[in-house]
Protein chains: 2
Amino acid sequence: MKLSTKGQYGVRAMIVIAENSNNDKYVSINDIAAKEKISSGYLERIISKLKKAGFVKSERGANGGYILGKKPKDINMFDIMSVLEDNIDVIECVDVQVFEKCDNHCNCKARKLWLKVNEAVENVLKNTTLEDIIADNNKK
Amino acid sequence: MKLSTKGQYGVRAMIVIAENSNNDKYVSINDIAAKEKISSGYLERIISKLKKAGFVKSERGANGGYILGKKPKDINMFDIMSVLEDNIDVIECVDVQVFEKCDNHCNCKARKLWLKVNEAVENVLKNTTLEDIIADNNKK
DNA sequence: AACAATTCCAACTTAAACGATAGGGATTGC
DNA sequence: GCAATCCCTATCGTTTAAGTTGGAATTGTT
Ligand code: FES
Ligand code: FES
């Protein structure tokens, strides 16, 4: 079981962008990539998804870059991960539509367990906003 | 984020074995594979790991098969998954040893989030025993 | 006007993991 | 002896994840 790097990198990028958005400062892909030691080409595609979802706004050309598209308290980790991870469920059959087509569903006694795991993950992600993360780091 | 089928199949296999272990009945790989619609060759290797870990015992030859190696209440899902999934942590850096070697660890503000996610998953898995699952299914 | 810094976009490549298969040896009950 | 089983290892094919490349469009600066 692993979260993809897309999700990880995306969250880290959002943190960097958030830290600069106070001063209306746009951060470039290269700056983020350098700071977080991530391939910039790869990061670009990740941020592009975040942009489509409205979590960041962009400005092209010299001095361009990215800035938050919403307030930190209105961006939670579940939303970010949902955009970036292709499918966030811990197994396919968590999804009701898949479940109903599943050969096995009539006697699958394990599904309840996966539902619980899934719910636990979602809860943590949904209850953590970008604001929480920033605050948490300033505190200590 | 996905749990591998190894883990899923393993849990399902354990449930089948558990349901037969009351009567000291050994269940063969083929029976489990047929019941759960899993490739038997693949399942074999999964169960072999469970055997090495002591969760099941085996009997060779005709009428052979597998039976529980411990009481259902002494087998929890975390233990099963730990044996089957190569690495159960949601990201590499959850592990302290990896963390300490991580280029980024000095300024990685996201790790706390992953730790929380990881803990949530582990809690569910640790708090669910084979006995719980069986009981849960008999009930309804 | 030239230039450099940037976002934007799509195609491609590489590497690893997953899921599965194949073949054969060893053991046991009938 | 034979069929059913566990046991072990090697191999394979597909998909996915991760990263690369190349280039177009936009914008500020000199
Ligand atoms: S395998 Fe689909 S519900 Fe269990
Ligand atoms: S990347 Fe290693 S701790 Fe964040």
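In the text below, chain A, chain B and the rest are named by the order of the sequence lines, each starting its count at 1. Predicted model only: the values in this text are computed from it and were never measured.
Minimum atom distance to the side chain of A:S28 is reached by C:dT6, of the listed C:dC9, D:dA4, C:dT6. With D:dC7, C:dC8, D:dG19 as the candidates, the nucleotide lying closest to the side chain of B:K51 is D:dC7. Checked against D:dT27, D:dG19, C:dA20, the side chain of A:T5 finds its nearest nucleotide in D:dG19. With distances taken from any side-chain atom of A:A62 to the nucleotides D:dT26, D:dG28, D:dT11, the minimum falls on D:dG28. Distances were taken from every side-chain heavy atom of B:R60 (C-beta onward) to each of C:dG19, C:dA26, C:dC8; the shortest belongs to C:dA26. Closest to the side chain of A:R45, out of C:dA20, D:dA18, D:dG19, is D:dG19.
Proximity of A:S4 to the phosphate of D:dT16: no side-chain N or O atom is located under 4.0 Å from OP1 or OP2. Not one side-chain nitrogen or oxygen of B:S58 sits closer than 4.0 Å to the OP1 or OP2 atom of D:dT5. Dashed line: the shortest gap from a side-chain N or O of A:N63 to OP1 or OP2 of D:dT29 is under 4.0 Å. In terms of phosphate contacts, A:Y9 brings no side-chain nitrogen or oxygen within less than 4.0 Å of OP1 or OP2 of D:dA18.
A donor-acceptor contact closer than 3.5 angstrom links the side chains of B:T129 and B:D132. For the residue pair A:Y66 / A:S21, no side-chain donor-acceptor distance below 3.5 Å is found, with atom types taken as modelled.
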Chi angles and distances behind the side-chain contact (heavy atoms from CB on, under 4.5 Å) call for A:I88, A:F78: CA-CA 9 Å; A:I88 199 164; A:F78 181 76; 4.1 Å; yes

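In this structure, CD1 of B:I47 is placed 13 Å from P of D:dT5, rounded to the nearest angstrom. Here C:dC8 presents its P atom at 12 Å from CG of A:L50, a figure rounded to the nearest Å. When rounded to the nearest whole Å, the span between CG of A:N87 and P of D:dT15 equals 17 Å. Atom CG in B:L3 sits roughly 17 Å away from atom P in C:dA17 (whole-Å rounding). The interatomic distance linking B:Y42 (OH) with D:dT14 (P) rounds to 17 Å, in whole Å. Between the C1' atom of C:dC18 and the CG atom of B:L43 lies a distance of 16 Å, rounded to the nearest Å. Across the protein-nucleic acid pair, B:K6 atom NZ and C:dA20 atom P stand 12 Å apart, rounded to whole Å. As a whole-Å value, the separation of B:E92 CD from C:dA16 P is 13 Å.
Contact check for B:I29 versus B:I47: side-chain heavy atoms found under the 4.5 Å cut-off. The closest side-chain heavy-atom distance from A:K49 to A:F55 is not below 4.5 Å.
For B:E44 and D:dC7, a side-chain-to-base donor-acceptor distance below 3.5 Å is present, hydrogens and geometry of angles not being considered. For B:E59 and D:dC6, a side-chain-to-base donor-acceptor distance below 3.5 Å is absent, hydrogens and geometry of angles not being considered.
Contacts of A:I29 with the nucleic acid, taken as non-hydrogen atoms under 4.0 Å apart, involve only primed sugar atoms and P, OP1 or OP2. B:Y66 comes within 4.0 angstrom of the backbone, heavy atoms only, and of no base. Using a 4.0 Å heavy-atom cutoff across all strands shown, B:S48 reaches no nucleic acid atom at all.
With hydrophobic clusters built from ILVMFWY side chains whose heavy atoms lie under 4.5 angstrom apart, A:M81 shares a cluster with B:V94.
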